[in-house]
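Just follow the structure's listing: the first ligand is 1, and inside any ligand the first atom is 1.
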Amino acid sequence: MRSPDMPTHPDIALPRLIAHRGLSAHAPENTLVAVRAAHEAGFQWVELDVQLLGDGTPVIWHDATLMRCSDGHGRLATLDLAAVRKLDVGGWFGDGFRGECMATLSDMLELLVELDMSVNMELKVTSRRSGTELAEVVVPRLLRALPPERLILSSFDQPALNHARTLADASLLPIGVLTESVPEKWCSRCEALNAYSIHTDWTRLTARRAREIKAAGYHLLCYTPNDPMAFANRWTWGVDSAISDDPALFAGIAPPPDQAQA
Ligand code: G3P
Ligand code: MG
């Protein structure tokens, strides 16, 4: 249970639908064009992944390697900004996206500010990399760019979130605890971080756990439902938001944001 003497969270207007990696069903994931596509489709919030290149530059990217989503090869941990700037990160998705460049965190924050958008930024810690170092680089930049009510920082990596919390309290930095399956000890983990939310795989959430989380005062987000009918009963369990590759599919099915849950 959230204690009343903990710093309070910003008043976030949490939407029902968040575009996962930008509008990734319709544009190359984690790119500037995918965020513009989300905005054009009417979605105010995007989820994005951030990690560090070998030279310490934070970039918006999901995988540890370039292979799946670019015309290059290699591990991000061994590359510098000059090398990744030469890559095409759109052509793999479709010819119309050829020429898209990998976005740095700085590029992406500039776009989010320009479009007046909000972000769930996931600290993506790939094997053998430091979540603490990632948080140290990313958190101050997020806080400078966006007001706290337009930001949720999440990660599967405990050291990353622990360090993030040492950099800013809950009134400045809403933290989301990311889990594949909500563990038995979810509540102590959320209390220790003064978390704003829990984000979990929608296929592994149970109604009982969802109701416990809501009763304890946390927000509950699910990734990555793309079938609104299969997801429909999760709204009745109290789920606040769905992080979807194709959130437009949920139009007319997701309840309005302010509707009380059953
Ligand atoms: O933040 C929700 C979701 O993005 C977590 O998994 O692998 O898609 O980054 P992944
Ligand atoms: Mg992610």
Side-chain angles (χ1 to χ4, degrees), residues 12 14-32 34-35 37-38 43-52 58-70 75-76 89 92-93 102-103 105 108-109 112 117-127 129 131 134-135 138-139 142 146 150-158 160-161 164 173-183 186 189-190 193 195-205 210 213 218-227 231 234 239-247 250 254:
I12 295 175
L14 194 61
R16 287 294 186 197
L17 300 167
I18 296 174
H20 184 238
R21 309 183 192 171
L23 200 66
S24 60
H26 300 282
E29 64 179 55
N30 280 316
T31 60
L32 299 172
V35 170
F43 298 101
Q44 167 72 21
W45 278 76
V46 286
E47 186 268 359
L48 299 167
D49 305 291
V50 64
Q51 56 179 303
L52 300 181
V59 291
I60 306 300
W61 199 254
H62 181 276
D63 296 355
T65 65
L66 295 174
M67 197 167 53
R68 185 174 62 88
C69 297
S70 83
R75 299 184 67 79
L76 263 72
V89 304
W92 70 274
F93 189 87
M102 186 186 290
L105 175 63
M108 188 57 82
L109 290 173
L112 292 168
M117 290 179 76
S118 305
V119 69
N120 166 201
M121 191 65 77
E122 180 188 343
L123 296 173
K124 184 58 83 183
V125 182
T126 58
S127 58
R129 305 208 65 192
L134 180 60
V138 169
V139 168
L142 291 177
L146 292 170
R150 284 172 49 199
L151 176 63
I152 301 172
L153 184 77
S154 61
S155 188
F156 290 107
D157 190 79
Q158 295 209 14
L161 291 187
L173 182 64
I175 281 183
V177 172
L178 250 174
T179 67
E180 286 177 357
S181 169
V182 182
W186 66 269
R189 175 92 184 109
C190 287
L193 282 166
Y196 170 80
S197 50
I198 297 190
H199 306 196
T200 194
D201 180 339
W202 75 278
T203 63
R204 298 174 72 174
L205 181 66
I213 291 166
Y218 296 97
H219 294 86
L220 178 56
L221 287 70
C222 283
Y223 65 87
T224 313
N226 292 316
D227 177 343
F231 188 75
R234 273 59 171 188
V239 169
D240 293 293
S241 303
I243 306 171
S244 173
D245 298 324
D246 203 355
F250 292 72

Q.
Heavy atoms only, cut-off 4.0 Å: how does Thr224 contact ligand 1, side chain, backbone, both, or neither?
A.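 No part of Thr224 is near ligand 1 at this cut-off.
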Q) Do Glu122 and Ser154 touch side chain to side chain, with heavy atoms closer than 4.5 Å? A)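 The answer is yes, as the side chains (C-beta and beyond) meet within the 4.5 Å cut-off.
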Q) Would you find a donor on one side and an acceptor on the other, under 3.5 Å apart, between the side chain of Arg21 and the backbone of Glu47? A)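 Judged by distance alone, no pair lies under 3.5 Å.
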Q.
Please check: side-chain N/O of Asn226 versus main-chain N/O of Asp245, any donor-acceptor pairing under 3.5 Å?
A.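 Yes: the side chain of Asn226 pairs with the backbone of Asp245.
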Nearest protein heavy atom with distance in Å, relative to [atom]:
atom                   : answer
atom 3 (C) of ligand 1 : His20 NE2, 3.5 Å
atom 6 (O) of ligand 1 : Phe156 CE1, 3.8 Å
atom 1 (O) of ligand 1 : Glu47 OE2, 2.7 Å

Suppose I only count heavy atoms of [X] and a 4.0 Å limit; which atoms of ligand 1 are within that range?
X      : result
Lys124 : 7 (O), 9 (O), 10 (P)
Arg21  : 7 (O), 8 (O), 10 (P)
His62  : 7 (O), 8 (O), 9 (O), 10 (P)

Q) Which residue, Leu109, Asp49, Leu48, forms the side-chain contact (heavy atoms from CB on, under 4.5 Å) with Ile60? A)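 Exactly one candidate clears the test, Leu48.
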Q: From the options Val138, Thr126, Asp63, select the one residue that forms a side-chain contact (heavy atoms from CB on, under 4.5 Å) with Gln51.
A: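 Only match with Gln51 under side-chain contact (heavy atoms from CB on, under 4.5 Å): Thr126.
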Q: Apply side-chain contact (heavy atoms from CB on, under 4.5 Å) to the pair Val119 and Arg150, showing each step before the final yes or no.
A: CA-CA 6 Å; Val119 69; Arg150 284 172 49 199; over 6 Å; no
Rounded distance (nearest 0.5 Å) linking atom [atom1] of [X] with atom [atom2] of [Y]:
X      : Y      : atom1 : atom2 : answer
Thr31  : Met102 : OG1   : CE    : 11.0 Å
Leu221 : Leu205 : CG    : CG    : 11.0 Å
Leu173 : Tyr196 : CG    : OH    : 12.5 Å

Q.
Using a 3.5 Å cut-off on N or O atoms only, is Ser154 in polar contact with ligand 1?
A.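 For ligand 1, there is no N or O atom that lies under 3.5 Å from one belonging to Ser154.
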Q: Output yes when the distance from some N or O of ligand 1 to some N or O of Asp49 is under 3.5 Å, and no in every other case.
A: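 There is such a contact, yes.
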Minimum-distance atom from the Mg ion (ligand 2) among N, O or S atoms of [X]:
X      : value
Asp49  : OD1
Glu47  : OE2
Glu122 : OE1

Q | Contact check, Glu122 vs ligand 1, heavy-atom distance below 4.0 Å | A |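 Contact check Glu122 vs ligand 1: positive.
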